[in-house]
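One structure below.
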Amino acid sequence: MGGILPLVSFGALVLASTTASTPTGSATTTTTKLCVQLQIPVHVVATNYHYDQPRVDSSIDAIDWTVNVTTWSSSNFTERITERVDVNKTFNIGAQLCVPSRKTSKAGILQIATPGLGFGKEYFDVKVDPQQYSYVDAAINKGYSVLSYDRLGTGASEKPDAYDDVQIPVEIEILAGLTKIARGGKLLSSSNASSAISNASAKFDFVPTKIVHIGHSFGSYINSLMLINYPDIIDGAIFTGLYPNSIEATNPLNVLNYNHAFAKESDPVRFAKYGSGYFVLDNEETLQKLFFQKATLDPALLTYADSIKQPEAIGEYSSEDDNPLAPAPNYKGPLMFFVGEFDNFICNGNCSGIYSEAFARQIYPGVGVDDLTYYLQPNTGHASMLSTNASAGYEVMLGFLDSRGL
Ligand SMILES: *[C@@H]1O[C@H](CO)[C@@H](O)[C@H](O)[C@H]1NC(C)=O
Ligand SMILES: *[C@@H]1O[C@H](CO)[C@@H](O)[C@H](O)[C@H]1NC(C)=O
Ligand SMILES: *[C@@H]1O[C@H](CO)[C@@H](O)[C@H](O)[C@H]1NC(C)=O
Ligand SMILES: *[C@@H]1O[C@H](CO)[C@@H](O)[C@H](O)[C@H]1NC(C)=O
Ligand SMILES: *[C@@H]1O[C@H](CO)[C@@H](O)[C@H](O)[C@H]1NC(C)=O
Ligand SMILES: *[C@@H]1O[C@H](CO)[C@@H](O)[C@H](O)[C@H]1NC(C)=O
Ligand SMILES: *[C@@H]1O[C@H](CO)[C@@H](O)[C@H](O)[C@H]1NC(C)=O
């Protein structure tokens, strides 16, 4: 668990119109957010591996797995590979596409948001006090369109084999596949029930002029790896919860320091569809350790985090050693790392003074010096979008994009 991320029913399309509120005191007219829920089939060809590791079919197994993979002599997963798994399948991906109701100059810019481990697309669209916390609302208010999706094995997406299917190489191809579908203006037409959208479809059926990727944590990691083979399909990126730094090798907050429960045992109703190999962060204490800092912790958001948390597939952890952050020399767009100043997960609690410019430039040598930047959000933990000061952070993120013509 080393690396920069130390570990990190097909119904009708539903058309929902909600109000993205404007900041108090602002004279701007209120922007309405129009959203559709989509099921998008994405065809994936990728190479995964089968790893020799304990199976997880109970919460006792979940802890046993944790101990085994962190303390056993072969804690490096690469040494556990027993065979190659060629994936050539179509996976159904649950996504939400939101567009501003009024005409805006940025509506053609589509942001595609990938959540991190433990969360689904709700991470970006917080329902508690949304004018304060929802990133989607903040982006819609600035005029952008936003596609957020559930990673494979979470939320409204398909939940295939947690060991052999749900691995980093497949997740990279899903992100690239979704991005290409979006670029072609085919999000609606490739999604099964597009007719159900009827009149409003014209608003959703657009060919984006630009695409920007937003990631959180493991989602940022997938994004970065995607840029190796697909450097040209996006125009800019903001990676939250990912930070090129100099201490990652000694970071003690590995999977042994927080608890997983077998998803179906943890909540038999909510996680009924999650089979062998899917576990979930077991309680609010674990979520607090990983994602929050007291100075910016709203207890209502900690409870909310627990209510939206999503299971993680074992394959996401086991494929990490084989897929380290690596140079994406041909990516040339602007890129910001946006990180909580006191992120436990990636900085062992203090991100100040450890940004590694050399590491960042080694991974993204093609990005202009002024376009490769980082920002430390004060007093904030790993889940910056669930912190009390989240909206001020959105101003920084969206301001960065605007300053780069996005
Ligand atoms: C760890 O898991 C491997 C693979 O399932 C197994 O062969 C090994 O005996 C386990 N080690 C311990 C100490 O439980
Ligand atoms: C894991 O082992 C492989 C093969 O032995 C090696 O190339 C790689 O650097 C190791 N990774 C880590 C994180 O130790
Ligand atoms: C994927 O499967 C399809 C259908 O079986 C086949 O036509 C295609 O050649 C396969 N692609 C690869 C890369 O194996
Ligand atoms: C979409 O429709 C096709 C053809 O009817 C079907 O094979 C596929 O399973 C459907 N996908 C979903 C997500 O229902
Ligand atoms: C659909 O759009 C047409 C033309 O804009 C309008 O006359 C009609 O009332 C709309 N129907 C619905 C159900 O919104
Ligand atoms: C965080 O690290 C920086 C740089 O080493 C140091 O100046 C600062 O005092 C530290 N902050 C805290 C709260 O420990
Ligand atoms: C909130 O975030 C903004 C933007 O990063 C920052 O300027 C401000 O100092 C933060 N406020 C607090 C109380 O941390």
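These numbers come from the heavy atoms of this one structure, side chains and all, not from hydrogens, waters or symmetry mates. Bear in mind that the values here come from a model prediction, so they are computed numbers and not experimental data. Along the sequence shown, residues are numbered consecutively beginning with 1. When a ligand or atom number is given, it counts from 1 through the structure's own listing order.
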Between the protein and ligand 7, which nitrogen or oxygen pairs come in under 3.5 Å, and how far apart is each?
residue: ligand 7; atom: 2 (O); partner: Q377; partner atom: NE2; Å: 3.1
residue: ligand 7; atom: 2 (O); partner: N389; partner atom: ND2; Å: 2.3
residue: ligand 7; atom: 5 (O); partner: Y375; partner atom: OH; Å: 2.6
residue: ligand 7; atom: 5 (O); partner: Q377; partner atom: OE1; Å: 2.5
residue: ligand 7; atom: 11 (N); partner: N389; partner atom: ND2; Å: 2.9
residue: ligand 7; atom: 14 (O); partner: N379; partner atom: ND2; Å: 3.3

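No donor-acceptor pair closer than 3.5 Å links the side chain of S384 to the backbone N or O of T380.
Shown in contact with V45 at under 4.0 Å from a heavy atom are these atoms of ligand 3, numbered in order with element: 13 (C).
A ring-ring contact (aromatic ring centres under 6.0 Å, His included) check over residues 142-164, counting only residues at least two apart or in different chains, returns nothing. Annotation: ring-ring contact (aromatic ring centres under 6.0 Å, His included) contacts involving residues 111-136, sequence neighbours excluded, comprise F119-Y123, F119-F291, Y123-H216, Y135-Y394. The list of salt bridge (Lys or Arg N to Asp or Glu O under 4.0 Å) pairs with a residue in residues 224-241, not counting sequence neighbours, reads R183-D235.
Classification of the Y274-F271 ring pair by plane angle, with boundaries at 30° and 60°, yields perpendicular. The aromatic rings of F338 and Y375 sit parallel to each other, their planes meeting at less than 30°, with 60° as the upper class boundary.
Looking at ligand 3, you'll find an N or O of N88 within less than 3.5 Å of one of its N or O atoms.
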Under the side-chain hydrogen bond (donor to acceptor under 3.5 Å, both in side chains) rule, what do S391 and Q132 come out as? Steps first, then yes or no, please. CA-CA 6 Å; S391 58; Q132 194 61 29; 3.2 Å; yes

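Heavy atoms of G353 come nearer than 4.0 angstrom to ligand 6 in no pair at all.
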